[in-house]
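In this chain, numbering begins with 1 at the start of the sequence shown.
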Amino acid sequence: MAQPKVEKLITAIDIGSWKVSALIAGRTDTGELAILGTGQRESRGVRRGFIADMERTELAVRETIEQAERVAGTNIEDVWVSFSGGSLVSDVVTVERDMGGYRIEQPDIDDLLTTGQQGIDPDGRIVLHAQPTCFTINGKVPVKKPLGMHADLLGVDIHVVLADGAPLANLDLCVRGAYLNVNSIVAAPIATGLACLSEEERDLGVALVEIGAGVTNVSLYAGGMLVGLHSIPLGASDITDDIASSFGIRRSQAERIKCFYGSAMQNPRDFREMIEIAPPHGEMAVPGQAAGPNAEGGKITRAALVGVICERLNQIMTEVNAALAGMGFNSTGRQVVLTGGGAEMKGIADYAQGALGRAVRIGRPRGLSAMPEAHSGPAFATLAGLALYGASNPVDLRAMAPAPQTVHRLGAPLWWQRMMRAMKTNY
């Protein structure tokens, strides 16, 4: 049987605080998105999602792309890049136009979208995304394709993501310094949502919590779009630092111990299980640091390790709970999806379910074929989502020419009430 022909190459690169990873995917003539090559390097120039060392980040990007190119057997020039810094702000702009009961034609939709582009107020920030997500008829009936319908009032909800300009410019320079063209910089929560959430989940309402190395992004989906976003400057690397500090060991050893023995749930057997934390072979033990205050003779109990992990997790989940409450995610029965590298810790779904009081599942990337097993975990959800985003070629209003129209902006309570009313009507 003949192999499907690759019609288009899509390259994604996720520049995080712990790793830089790349993925080259090919869209076949059957519409499938297949992975052709991947690459990964340690990230040493990014802190809390922001570029802290341009030279190191540029080198990591170059090496990661070269590795992915060797695996895929091809050279690439254009990439889709993620941005997960804490300066992201999400907003919804509602634009309406009087139709007088007439039939909606394509020029009416184009004029409405152009008006929406003009109605975006960046407030000194850069518009990262400006995408139409939901059309409405007569202010309350949601429709996906209003073309050809009659309406007294035609409206559209535009999802806008804003970010500070300087961090984006630094990220763009690092990628272009590796001799790559940037197709677009994509907000990490949008890419991650594409990879981890089903369309039905986004419609009904779901919270996506991405626990990265330096930043935990909390995003709220409802009515099919991202309606709330909050960044917490804490992540999985803080747990690693806590382990290193508590037991007087190196970060590299603390990360290894966390991955192999760490858990978010305490077990009675943990008090009897001992973990070696002596320095690696060939290294001199530093007096007073070989075991740390919570260790004995170069060993610690697994219970001590889990205690350190849970202490930091409790702080992160408290911040997540506060963020969800601040975005109005108080209804019972709503699901939370955990993803990111921090979501790979053993028992974290059960821990989060108890801490948040909501159903929790682990979000893993889907929608791509030939995914390597090493890249199928939640740590690579953003990377997979970037490829899906690039393949979908979404409509963005930033490229449209403005046109003078009347813009009506609804306050958060009003558009939220309208969205909830529309969801109840459909379900």
Side-chain angles (χ1 to χ4, degrees), residues 16-19 42 209-216 232 234-321 336-364 373-381:
S17 302
W18 189 261
K19 68 181 187 307
E42 181 183 0
V209 179
E210 182 181 5
I211 307 176
V215 178
T216 296
I232 301 169
L234 294 170
S237 64
D238 292 286
I239 299 176
T240 301
D241 290 348
D242 289 345
I243 296 171
S245 177
S246 296
F247 305 122
I249 57 179
R250 296 175 181 270
R251 279 194 177 100
S252 57
Q253 189 182 7
E255 178 67 18
R256 182 179 180 277
I257 289 174
K258 183 184 74 173
C259 294
F260 279 92
Y261 303 104
S263 174
M265 300 296 289
Q266 195 72 262
N267 189 299
R269 294 192 302 272
D270 294 343
F271 292 91
R272 299 189 300 271
E273 184 176 348
M274 304 301 293
I275 302 172
E276 291 276 356
I277 62 168
H281 179 70
E283 292 189 6
M284 295 295 294
V286 180
Q289 290 190 0
N294 297 319
E296 181 179 351
K299 295 181 180 180
I300 61 171
T301 64
R302 189 174 183 182
L305 173 65
V306 175
V308 172
I309 291 172
C310 289
E311 186 175 354
R312 180 63 74 173
L313 277 179
N314 181 60
Q315 182 185 6
I316 294 175
M317 290 303 163
T318 299
E319 295 283 349
V320 169
N321 226 350
V336 174
V337 176
L338 283 183
T339 188
E344 294 188 340
M345 180 171 292
K346 181 181 178 181
I348 194 168
D350 293 332
Y351 179 91
Q353 185 162 315
L356 302 177
R358 298 174 173 89
V360 175
R361 74 168 178 86
I362 302 299
R364 293 178 171 81
E373 185 177 352
H375 290 66
S376 60
F380 296 91

Taken in chain and number order and not counting sequence neighbours, the residues that satisfy side chain to side chain donor-acceptor pair (under 3.5 Å) with Glu319 are none
Under the side chain to side chain contact (heavy atoms under 4.5 Å, CB included) criterion, do Met317 and Ile211 qualify, and how do the steps go? CA-CA 10 Å; Met317 290 303 163; Ile211 307 176; 4.2 Å; yes
With no hydrogens and no angle check, just 3.5 Å: does a side-chain donor-acceptor pair link Arg312 and Gln315? yes
Flag the pair Thr301 / Arg272 as yes when at least one side-chain heavy-atom distance between them is below 4.5 Å, and no otherwise. no
Answer yes or no: is there a donor N or O on one side and an acceptor on the other, between the side chain of Arg256 and the main chain of Ala254, under 3.5 Å? no
Distance (rounded to the nearest 0.5 Å) between Ile316 CD1 and Tyr351 OH: 9.0 Å
Gln253 to Glu276 - nearest heavy-atom pair and separation: NE2-O, 4.1 Å
What are the two closest heavy atoms between Lys258 and Ala236, and how far apart are they? NZ-O, 3.2 Å
Heavy atoms only: give me the nearest Ala359-Gln353 pair and the separation to one decimal. CA-OE1, 4.0 Å
So, the side chain of Arg302 versus the backbone of Tyr261: is there a donor-acceptor pair under 3.5 Å, distance only? yes
Has the side chain of Ser263 got a donor or acceptor atom that lies under 3.5 Å from a matching backbone atom of Gly347? no
CG-SG distance between Asp242 and Cys310, expressed to the nearest 0.5 angstrom: 12.0 Å
Check whether any side-chain N or O of Ser237 sits under 3.5 Å from a backbone N or O of Ala213 as a donor-acceptor pair, and report yes or no. yes
Taking atom types as modelled, find out whether Thr339 and Glu210 have a side-chain donor-acceptor pair closer than 3.5 angstrom. no
Do side-chain atoms of Thr318 reach the backbone of Asn314 as a donor and acceptor pair under 3.5 angstrom? yes
For Ile348 and Ala343 the tightest heavy-atom approach is CG2-O, 3.5 Å
Distance from Leu338 atom CG to Arg364 atom CZ, nearest 0.5 Å? 10.5 Å
Under a 3.5 Å distance rule, please check whether Asp238 uses its side chain to pair with a backbone N or O of Gly235 as donor and acceptor. yes
Measure the shortest side-chain to side-chain distance between Phe247 and Val308 over non-hydrogen atoms and say whether it is less than 4.5 angstrom. yes
At their closest point, which heavy atom of Ile277 faces which heavy atom of Ile249, and how far apart are they? O-CG2, 3.7 Å
Phe271 ring centre to Arg269 NZ or CZ under 6.0 Å, with the angle to the axis within 45°? no
From CG (Leu305) to CD1 (Ile243), nearest 0.5 Å: 5.0 Å
Between atom CD1 of Ile275 and atom CD1 of Ile300, what is the distance when rounded to the nearest 0.5 Å? 4.5 Å
To the nearest 0.5 angstrom, please state how far the CE atom of Met265 sits from the CG atom of Leu313. 11.0 Å
Side chain to side chain donor-acceptor pair (under 3.5 Å) filter on Arg361, not counting sequence neighbours, yields Glu201
cation_pi(Lys19, Phe380) dist<6.0 Å, angle<=45: yes
